[in-house]
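Bear in mind the structure is a predicted one, so any value in this text is a computation, not a measurement. In this chain, residues are counted from 1 in sequence order.
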Amino acid sequence: MSRIISYSTADKADVLAFLGASGELTADQRRRLGRMRERARQRQYDLDRQDIDLGLSIPDALEHLVAGHASATAEGAASAYHHALQLVIDSNASDPSDLGVYSKPSTFFGLLDEELRRLGVAPDLLLYDHLFSGPRRRSPSPSRIPWTGRTSARSRWPRPSRWRMPTARCWTG
């Protein structure tokens, strides 16, 4: 069985603008929030159809994030918040592109990481955890990027508020 790994990029500032925004959204952001709410209801419907109870609905988790808190303590609440956050990211992201089709992507990217580590690539830039663990907790520091022979590239590095957050999804097919 092979897997297709797709990715998209989202501007960190665009995603963070929804977290804790309450009523301070632009017209475009309110439109996107409406789509997020609809997708949250659809995702919740899919879970309900499968009799999966997270203890917090995905629409409620989305509203919590927009209100600026994640205070639910139900056993599956973290999954509901993860689904809701992924909706926010996806709604602010580029169209997905396929990274490739792999028969054993975890093996391939695990071996790739070993080789990159051997070459001195910083651990927070390795691909395996990024592809199989969801979005990064923070963006890498520009000083951690291994610049080989491109000293002028550092001056073109974007400000932290404009870093892109890649997201990856694995599909079985």
*Determine yes or no for a side-chain-to-main-chain donor-acceptor pair under 3.5 angstrom, with S94 supplying the side chain and T9 the backbone.*
yes

*Quick one: pull up NE2 in H83 and CD1 in I58 and give me the separation to the nearest 0.5 Å.*
4.5 Å

*Which residues pass the side chain to side chain donor-acceptor pair (under 3.5 Å) test with R37, sequence neighbours left out?*
E63

*Can you list every pair that meets ring pair (Phe, Tyr, Trp, His ring centres under 6.0 Å) and has a residue in residues 49-79, with sequence neighbours left out?*
H64-H69, H64-Y81

*Where the side chain of D98 meets the backbone of G100, is there a donor-acceptor pair that is under 3.5 Å apart?*
no

_E24 versus Q29, closest heavy-atom pair with distance_ = O-OE1, 4.3 Å

*Is it the case that Q42 and D46 place a side-chain donor and acceptor less than 3.5 Å from each other?*
no

*Locate the shortest heavy-atom distance separating A17 from A21; write the atom from each residue and the value.*
O-CB, 3.0 Å

*Does any non-hydrogen side-chain atom of I52 lie less than 4.5 Å from one of L54?*
yes

*Other residues, nucleotides, ligands: >12 heavy atoms within 6.0 Å of Q50 CD*: yes

*Answer whether the closest heavy-atom distance between the side chains of N92 and D11 falls below 4.5 Å.*
no

*What are the two closest heavy atoms between D90 and R43, and how far apart are they?*
OD2-NH2, 4.4 Å

*Cluster question for you: counting only ILVMFWY and a side-chain heavy-atom cut-off of under 4.5 Å, with indirect links fine, are L111 and F108 together?*
no

_Contact summary for R39 and L87, nearest pair of heavy atoms_ = CB-CD2, 3.6 Å

*Rounded to the nearest 0.5 Å, how far does CZ of R32 lie from OG1 of T26?*
6.5 Å

_Beyond-backbone contact of L19 with V66, side-chain heavy atoms, under 4.5 angstrom_ = no

*Following the transitive rule for hydrophobic clusters with a side-chain heavy-atom cut-off under 4.5 Å over Ile, Leu, Val, Met, Phe, Trp and Tyr, establish whether Y45 and L62 coincide in one cluster.*
no

*Stepwise, does the side-chain contact (heavy atoms from CB on, under 4.5 Å) test hold for F18 with L65?*
CA-CA 8 Å; F18 284 91; L65 294 178; over 6 Å; no

*Is any side-chain heavy atom of L112 closer than 4.5 Å to a side-chain heavy atom of L126?*
no

*Salt bridge flag under 4.0 Å for residues E38 and R35*: no

_Give me the atom names and distance for the closest heavy-atom approach of A80 to L56._
CB-O, 3.3 Å

*Where is the tightest heavy-atom contact between D113 and L127, given as atom of each residue plus distance?*
OD1-N, 3.0 Å

*Do the side chains of E115 and L119 get nearer than 4.5 Å, heavy atoms only?*
yes

*Within the distance-only criterion (no hydrogens, no angle test), does the side chain of Q44 pair as donor or acceptor with the backbone N or O of S57 below 3.5 angstrom?*
no

